[in-house]
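Notes follow the structure.
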Protein chains: 2
Amino acid sequence: MNSKISEKVIERLILYKNILEDLENQGILNIYSHQLAKMADVTPVQLRRDLMLLSYYGKPTSGYEVSTLLKAIENFIYKSDCAKVALVGLGHVGRAILNYFQGRSKLLKIIASFDKDYEKVNRVIAGCRCYHISEAPSIIKREDIKIAIIAVPQSSAQEVADMLIEAGIIGILNYSPMRLNVPANVYVEYRDMVRAVEKVAFFACYKNQ
Amino acid sequence: MNSKISEKVIERLILYKNILEDLENQGILNIYSHQLAKMADVTPVQLRRDLMLLSYYGKPTSGYEVSTLLKAIENFIYKSDCAKVALVGLGHVGRAILNYFQGRSKLLKIIASFDKDYEKVNRVIAGCRCYHISEAPSIIKREDIKIAIIAVPQSSAQEVADMLIEAGIIGILNYSPMRLNVPANVYVEYRDMVRAVEKVAFFACYKNQ
DNA sequence: ATCACACTGTTAATTTATTCACAACAAATA
DNA sequence: TATTTGTTGTGAATAAATTAACAGTGTGAT
Ligand SMILES: NC(=O)c1ccc[n+]([C@@H]2O[C@H](COP(=O)([O-])OP(=O)(O)OC[C@H]3O[C@@H](n4cnc5c(N)ncnc54)[C@H](O)[C@@H]3O)[C@@H](O)[C@H]2O)c1
Ligand SMILES: NC(=O)c1ccc[n+]([C@@H]2O[C@H](COP(=O)([O-])OP(=O)(O)OC[C@H]3O[C@@H](n4cnc5c(N)ncnc54)[C@H](O)[C@@H]3O)[C@@H](O)[C@H]2O)c1
């Protein structure tokens, strides 16, 4: 049917969505492509091109209506069967994530967290209870959770991933530096901050000769 | 001189570097492009193409020598004048970063952290002392720090960025969701985990129809 | 009314990134 | 020695992403 949707377009649409949420909160009703593009650090043409994916149309006179464009993007991006998220590993990173995440996405919710440390089990952080990792398969299946965040040490990441996938997880955000071996239908995104800083350091210097 | 270097190539080179470090620790001396490519989830051709940026050559018989290829990539990626990193904001995220980062990059070191909360000032975490944010300009100038990680609340991110840039920072890794307004010579990378999870959720569902 | 304007949506052109296809090569084998 | 094998490095081809160019359109000024 559709031609393949690229990662970059989706990243940009999600960014536009964020910006539009802010604009809506500020009570701004309409916006032109060049204004929104500036806020997103893209060209106006690219923005308009990206919006072609949606079935949404602005007006040459008043530009885009913030609320309806926002809805159109949400509609395109959000898949309601991927709304529930599990978090594995309640160490430094896991807690930072949990404290930050809840309520920040209109659709996505972390509805369970897991750890192997009994000190952490049964604690409730940001409205989310922590269960022992051994309960993960049954809870993930029962709640039909499809998305997981991995924040366990590198040495446990692969075994945790195997277990999650076995239980039905199809999307993983992996904060450990471990490269995961997963079946083809599972989507994995890696977030290693060391790599991120190295990239920044390279391009910062590169830009300045 | 050279044609422009793309972000994706650099991200991949950094990933190859990581993998090669692991291989070196495992005592593996040589590796073929198809093996390394598999570990990095790229095609062998792409890997070889990427290595064309380096002035490094493998052998048709034994492939690449792990140690020398690693050095070649380090040589290409690491710019010694961007080795020092500052961290601003010692909350949940800041502490997670500090605990994780030190010693994981051969070149980069977080040599100072800053917070406005006097409770945190003078604490030493992972060998890095925390200073009051008001001291940031002088320390950054004195130590000639060029790279910074921002982990303060969204509401303070722009003012912190302005101050850092004024003090000489040219590369920022921004963990707050705030879009920063910066001069053209400053490179900014954004790491918002809500956006990341939303991307994962989209593509996980997309992949599975 | 009509014109100039400022904007959107989209086709076409261009640039960038990836993949294909193969020459060159060194070792192993017959 | 000649041949086969498996690899690298890269020019050429293809695919993907971005940018340019412009037709269409409602608005407000003249
Ligand atoms: N991407 C980043 O920015 C970043 C930053 C810091 C750390 N990290 C990585 O994230 C991961 C977590 O880092 P951290 O600083 O939070 O570590 P941590 O040691 O503070 O926390 C790890 C948690 O995982 C739990 N755990 C360990 N094995 C488990 C298992 N098999 N099942 C369930 N839970 C298990 C531990 O009990 C602990 O609570 C590490 O892999 C680290 O390398 C990433
Ligand atoms: N990218 C992610 O994965 C992720 C995850 C969680 C939080 N966040 C974001 O990262 C930022 C920090 O989150 P957190 O959970 O660590 O928050 P936090 O409240 O735990 O920590 C913020 C820290 O910044 C300090 N601070 C505030 N204003 C400051 C200023 N002007 N100068 C210096 N220090 C200042 C505070 O004293 C505090 O120590 C927030 O913007 C949050 O939105 C990002």
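In what follows, chains are A, B, ... by sequence order, proteins preceding strands, each numbered from 1.
- A side-chain N or O of B:T68 and one of B:Y56 form a donor-acceptor pair less than 3.5 Å apart.
- Among the protein residues, A:S62 comes within range of no part of the nucleic acid, since none of its heavy atoms lies under 4.0 Å from any strand.
- Note: OH (A:Y32) to P (D:dG26) measures 15 Å, nearest angstrom.
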Got a list of protein N/O to nucleotides 14-21 of chain D N/O distances below 3.5 Å?
from	atom 1	to	atom 2	distance (Å)
D:dT18	OP1	A:R12	NH1	3.4
D:dT18	OP2	A:R12	NH1	3.3
D:dT18	OP2	A:R12	NH2	3.1
D:dT18	OP2	A:Q46	NE2	3.0
D:dT18	O5'	A:Q46	NE2	3.3

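- We find that CD of B:E65 is positioned 14 Å from P of D:dT8, with the value rounded to whole Å.
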Heteroatom pairs (N/O) under 3.5 angstrom, protein to nucleotides 23-27 of chain C:
none

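- The separation between B:L51 atom CG and C:dT18 atom P is 14 Å, rounded to whole Å.
- Following rounding to the nearest Å, A:Y64 (OH) and C:dC7 (P) show an atom-to-atom distance of 11 Å.
- A donor and an acceptor atom, one from each side chain of A:T43 and A:Q46, are nowhere located under 3.5 Å apart.
- With no hydrogens or angles considered, no side-chain donor-acceptor pair links A:N174 and A:R191 at under 3.5 Å.
- Distance alone, capped at 3.5 Å, is enough to place a donor-acceptor pair between the A:R104 side chain and the A:Y100 backbone.
- Using cut-offs of 30° and 60° for the angle between ring planes, the B:Y206 and B:F202 rings count as parallel.
- A salt bridge does not link A:R195 with B:E11: every distance from a Lys NZ or Arg NE/NH1/NH2 to an Asp or Glu carboxylate oxygen is 4.0 Å or more.
- At most 12 heavy atoms of other shown residues, nucleotides or ligands fall within 6.0 angstrom of atom CD in B:E166.
- Counted by atom type alone, A:N30 and A:Y64 present zero donor-acceptor pairs between their side chains at under 3.5 Å.
- The distance between atom CD1 of A:I31 and atom P of C:dA6, rounded to the nearest whole Å, is 18 Å.
- Here the P atom of nucleotide C:dC7 and the CG atom of A:N30 are 13 Å apart, to the nearest Å.
- Atom OH in A:Y56 sits about 14 Å away from atom P in C:dT10, given to the nearest Å.
- Atoms CG (B:D41) and P (C:dT18) sit 14 Å apart, rounded to a whole Å.
- For D:dG24, the OP1/OP2 oxygens have no side-chain nitrogen or oxygen of A:Y57 closer than 4.0 Å.
- If you check the side chains of A:E24 and A:S67, you find no donor sitting under 3.5 Å from an acceptor.
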